[in-house]
Amino acid sequence: MTYLDYAATTPVDARVLEAMLPYFSTHFGNANSLYAAGRDAYHALEAARETIATAIGAAHPAEIIFTSGGTEADNAAFISVLRRIAPDGGHLVTSAYEHPAVLELVKWLGKQGYDITLVQPRADGRIHPEDLAKTLREDTKIVSIMHSNNEIGTINDLKQLAECVHSCGALFHTDAVQSLGKVAFDVQDLGVDLASFSAHKIYGPKGIGALYLRRGIGFDALIKGGGQESKRRSGTQNVAAAVGFAEAVQLSLAERDSEALRLADLRDHLIARVTSSLENTQATVSEGARIPGIAPLLIKGVEGESMLLQLDNQGFAVSTGSACSSGSLAASHVLLSIGVPQEIAHGSLRVSLGRQTTAADVDAFADALVPIVEKLRAMSPVYERYFGRASAQHAPKNTGGQKDAGV
Ligand SMILES: *Cc1c(COP(=O)(O)O)cnc(C)c1O
C-alpha cells in the first residue's frame, strides 16, 4: 500500500512506540498512587505535560489538560467553559469550514439555546479579520477559528483574528490539530486562550490529545470522577499515551523545518504532475501560508469517490475530503464554503504526504491517477458537454497522461 492520507491519521513512529512500551508493563503504576510505582508514572506524565506545554509556548504546564483526542478537546473548550462563563446562553462564532468536531458541536449548542454565527472563509481558503469583525457582538462569548484546515491546508493568521476577538471581550479558541509539529504554533505569540491538539496526526498514538486552557479561565469538567487533571478531566490517566504524545511532539519539532521543506517540494511536484497531465484539473488553493503536506486537487467531471475506489484497487490510500464526510455523497462543506461550485467540488481529492512519503510514491501516484481519470471521463456522459473542449481552452495543456509530463 502507498499511504497518502497523513491528514487523516499517521502510523506511530517507531521511536514513539519505543518510548511508550515501558509504561504498559514495567512502569504500569497509577499516576495517582502514592507509592514508588505511582510516583514513577506521575513523573512521566508530568514530564510529558511539560514537553507539550513548552512546545506550544504555554506559560505553565498546568495549562495542558490531557484528553482522549482533538474531538474531546474541542468539546471541552466550548462546553466546559460555557458552563462557567455563560450557562444561560450567549453568542458563539466559528467558521463554516471547521472540522466536524467543532461544527457538529456548535450545531448542538445552537439547539441548547446559544446563538451561532458561522463566518465564511474567502476563496483563498482563509478567514479574513474584517469578515470576522462583522460577526462579533457584545454578547459574543467564544470564537473558534481553526489554525490550519485539514482539507485544503490553508493557515489562518490567528494573531490578527485573536486581537479582533479580544477587543470585543470574547475568548478565542483554535483547533490546532493539523498545525502542531508541522508549522510554527505558539499560544502566547498568537494570543489564543484555548487550543486543541491530537497525537495521532503527528505519529503519536490514537486516543490522546490535549486542550490548552489559559490560566484563569473558568472550567467545569465534562467528565467527573476522581478529580484527575486538576479536576478538569477525571479518569486514570493514560500515561503510556501521554509519553508517546510528548515524544511525537518532540520528534516533530526537531524535524519540523527540514520535513516542511521536503513535503512542500513533494506536494508541489505532485500538483504539477497531475495538473500538467490532466486537463481541467487544478490545485484547490495554491497561494499563501499552508501546512506543507496537503495537496488538495479538483479534478473536474469525475466523482472523488470513484477515483478513491479505483486508486484503492491499485494500492493507494487517499481521501476525497475530510475523513468524516467521505462515505456520504455530499460535497465537502469545506470546498463549498470557499466558493467551489457543487459540481466541481464532487471531483475533489485530498492527497496528504508524510514522513514515509518519497518522490517515487508521488510519481507512482500520478502514474496511477492519470489513466483512472481519463477512463472515468471517457465513460462519463456529461464530461465532454460540461468540461470538454470549451473549458479546455483555459486549462493546462493536455499532455495525454505521459508519465513524465510536466516534471
Ligand atoms: C483529526 C482532527 C480532529 C479530531 O481529532 P481526534 O483526535 O481524531 O479526535 C479535530 N480537528 C481537526 C482539524 C482534525 O484534523
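Both ligands and their constituent atoms are indexed starting at 1 by order of listing.
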Please state whether the rings of Phe365 and Phe316 are parallel, tilted or perpendicular, taking 30° and 60° as the class boundaries. perpendicular
Hey, could you give me each pair passing side chain to side chain donor-acceptor pair (under 3.5 Å) that has a residue in residues 174-189? Not counting sequence neighbours. His147-Ser179, Ser148-Ser179, Lys159-Asp189, Gln178-Lys182
N/O donor-acceptor pair under 3.5 Å between Arg39 side chain and Leu34 backbone: yes
Is it true that Glu104 and Lys107 make a salt bridge, defined as a side-chain N closer than 4.0 Å to a carboxylate O? yes
May I ask you to say whether Arg377 pairs ionically with Glu374, meaning some side-chain N is under 4.0 Å from a carboxylate O? no
Which class fits the ring pair Tyr23 and His27: parallel under 30°, tilted 30 to 60°, perpendicular over 60°? tilted
Protein residues near ligand 1, heavy-atom distance below 4.0 Å? Gly69, Gly70, Thr71, His99, Met146, Asn150, Asp175, Val177, Gln178, Ser198, His200, Lys201
